[in-house]
Undergrad: 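My questions all concern the structure below.
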Number of protein chains: 2
Amino acid sequence: MTDTEAATAPRRSDATRHAILRAARERFAADGYDRATIRAIAKDARIDPSMVMRYYGSKEGLYAAALDVDLRLPDPAAFDPQDVGRVLVSHFLDLWESNEMLSAMLRVGATSEAGAERMQGVFRDQLLPLARHMCPDPEQAATRAALCSSQVLGLALTRYILRFRPVVALSREEIVEWLGPTVQRYLTAPYPTPYP
Amino acid sequence: MTDTEAATAPRRSDATRHAILRAARERFAADGYDRATIRAIAKDARIDPSMVMRYYGSKEGLYAAALDVDLRLPDPAAFDPQDVGRVLVSHFLDLWESNEMLSAMLRVGATSEAGAERMQGVFRDQLLPLARHMCPDPEQAATRAALCSSQVLGLALTRYILRFRPVVALSREEIVEWLGPTVQRYLTAPYPTPYP
DNA sequence: GGCGTTGGCCAACAACCGTTGACCAACAAC
DNA sequence: GTTGTTGGTCAACGGTTGTTGGCCAACGCC
């Protein structure tokens, strides 16, 4: 620490910090904001609850640190614009199943005001630029991006949170086949409902 | 009560019971299961918290009584099968905006296991029969009904819970125009994606 | 060796939760 | 007028939560 904000030599406590974050994501994803207690998170990370406070200040602070989400959306130049629907749905499925962060974010978003606002930010900042590149009229980009998120989040909600049986039973390919065209239409269809 | 389970003459306490239920629905819708405390609900209903326990046994019991949801889905014979998408989306919009029960159910469903199971039941029991009437292959009815709910609940989530700005800004007609065809396809399209 | 910093545990606090049971006013029945 | 029922309040219990502060062991530096 003698250095003035230099390359931050790795501290011994970094492992603990990381363990706390990992446990916090798991608990937030499984239990939501209220039921995910600091005590339970600390027990998972095998440290004392007071350590969580010391490293992250408060429960709110821990939540903010744990759910720093990057959707890692693909580059619009990397695929055929006519495939954007399938590509996106497939990507979100990957995201949701490889990482507990999104489930955590969704559960907390449905639980607390702060969580909802953070979620707004994530989808606005990351999905909107892609929508701007894909849709015919840039003025509609926000609306179209939001429509996409309504379907994608609806899938996540029914599949990972509410666990509707038929949605859980769907295979990855079936989901892409069903939702891909929907997302495609929301992003690229010339105007509301120009098909039968 | 002297009568053996007869027409139940209206008691004086019925008003209180009803006030409790109304307050409970509001609180569950606004705060979710955990944050909707019995004390707060009782204060809204202007009675003592212990009355809630007396009338509904426990918080779980209150929740079960407050969220006895009837989707009142329209009769399949009452509209053109080609319009089922728009009819359903429009109906769900009505439902969501006329009543706080659905918001409450969604928030609690995202919060607690019991809430999620109740929600499964509601959509399975009430949406599935309609799907059976509408879709080509009855074997797929469950899947198609679940896909519909994924889109409808995704809309409700982003509009009423997370309050994504562009979704909130959409007018009723725009929503019907955008989501109607999606729901229509999920219910009646002959097979996954038989269009470009 | 002495000593400050770091990483950690322990015990407690104040607040709030669901829940309980004792108590009370009003009213109807007899 | 007594008595039983109904609708309601009040005060408390036991448990859990986020949060705080004091104490302790290990290590690096001089």
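First the proteins, then the strands, lettered A, B, ... as listed; each starts at 1.
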Undergrad: What's the CE-P distance between B:Met51 and C:dC24, to the nearest Å?
TA: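 Going from B:Met51 (CE) to C:dC24 (P), I get 17 Å.
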Undergrad: Quick one: side chain to side chain donor-acceptor pair (under 3.5 Å) pairs with a partner in residues 106-115 of chain B, sequence neighbours left out?
TA: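 Qualifying pairs, neighbours excluded: none.
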Undergrad: Does A:Gln82 CD have over 12 foreign heavy atoms under 6.0 Å away?
TA: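 No.
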Undergrad: Grab the CG-P distance between A:Leu62 and D:dT19 for me, whole Å please.
TA: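 Interatomic distance, CG of A:Leu62 to P of D:dT19: 10 Å.
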Undergrad: Please list, chain by chain and in numerical order, all residues satisfying side chain to side chain contact (heavy atoms under 4.5 Å, CB included) with B:Ala141, sequence neighbours excluded.
TA: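 Only B:Leu128, B:Ala131, B:Arg132, B:Cys135 meet the side chain to side chain contact (heavy atoms under 4.5 Å, CB included) criterion with B:Ala141.
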Undergrad: Measure all distances between protein nitrogen or oxygen atoms and nitrogen or oxygen atoms of nucleotides 15-20 of chain C, and list the pairs falling under 3.5 Å.
TA:
| from | atom 1 | to | atom 2 | distance (Å) |
| --- | --- | --- | --- | --- |
| C:dG18 | OP1 | B:Ile38 | N | 3.4 |
| C:dG18 | OP1 | B:Lys59 | NZ | 3.0 |
| C:dG18 | OP2 | B:Ile38 | N | 3.1 |
| C:dG18 | N7 | B:Arg39 | NH1 | 2.4 |
| C:dG18 | O6 | B:Arg39 | NH2 | 3.0 |
| C:dT19 | OP2 | B:Lys59 | N | 2.9 |

Undergrad: What's touching nucleotides 26-28 of chain C from the protein side, N or O pairs under 3.5 Å?
TA:
none

Undergrad: Between P on D:dG18 and CD1 on A:Ile20, what's the gap in Å once rounded to a whole number?
TA: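 So the two atoms are 14 Å apart, to the nearest Å.
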Undergrad: Hey, mind stepping through B:Glu177 and B:Arg86 against side-chain contact (heavy atoms from CB on, under 4.5 Å) and telling me if it holds?
TA: CA-CA 7 Å; B:Glu177 211 64 18; B:Arg86 281 184 179 78; 3.6 Å; yes
Undergrad: Checking A:Arg124 against A:Gln120: is there a side-chain donor and acceptor pair closer than 3.5 Å?
TA: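 No donor-acceptor contact under 3.5 Å links the two side chains.
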Undergrad: Roughly how many Å is it from CZ in B:Arg54 to C1' in D:dT9, rounded to a whole number?
TA: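 Result: 10 Å.
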Undergrad: Look at the rings of B:Tyr33 and B:Phe28 and say which category their plane angle falls in: under 30° parallel, 30 to 60° tilted, over 60° perpendicular.
TA: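 Rings of B:Tyr33 and B:Phe28: parallel, under 30°.
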Undergrad: First locate atom CZ of B:Arg54, then atom CZ of B:Arg17, and finally report the distance between them rounded to the nearest 0.5 Å.
TA: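 Between B:Arg54 CZ and B:Arg17 CZ, I get 10.5 Å after rounding to 0.5 Å.
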Undergrad: Between A:Ser90 and A:Arg172, do the side chains contain an N or O donor and an N or O acceptor separated by less than 3.5 Å?
TA: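 The criterion, which ignores hydrogens and geometry beyond distance, is satisfied for A:Arg172 and A:Ser90.
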Undergrad: Using side-chain heavy atoms (C-beta onward) and a distance below 4.5 Å, is B:Leu153 in contact with B:Met119?
TA: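 In contact.
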Undergrad: So, taking the atom named CH2 in B:Trp178 and the one named CD in B:Glu174, what distance separates them when rounded to the nearest 0.5 Å?
TA: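 One gets 9.5 Å once the value is rounded to the nearest 0.5 Å.
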Undergrad: Mind calculating the distance between OH (A:Tyr56) and P (D:dT19) to the nearest angstrom?
TA: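 Computing the A:Tyr56:OH to D:dT19:P distance gives 15 Å.
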Undergrad: Name all stems that contain residues of DNA chain C, defined as runs of 3 or more consecutive Watson-Crick or G-U wobble pairs, both distances under 3.5 Å.
TA: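 Looking at DNA chain C, the stems formed by three or more consecutive pairs are C:1-30 with D:1-30.
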Undergrad: Quick one: salt bridge (Lys or Arg N to Asp or Glu O under 4.0 Å) partners of A:Glu60, sequence neighbours excluded?
TA: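 Counting only residues at least two positions away or on another chain, A:Glu60 forms no salt bridge (Lys or Arg N to Asp or Glu O under 4.0 Å).
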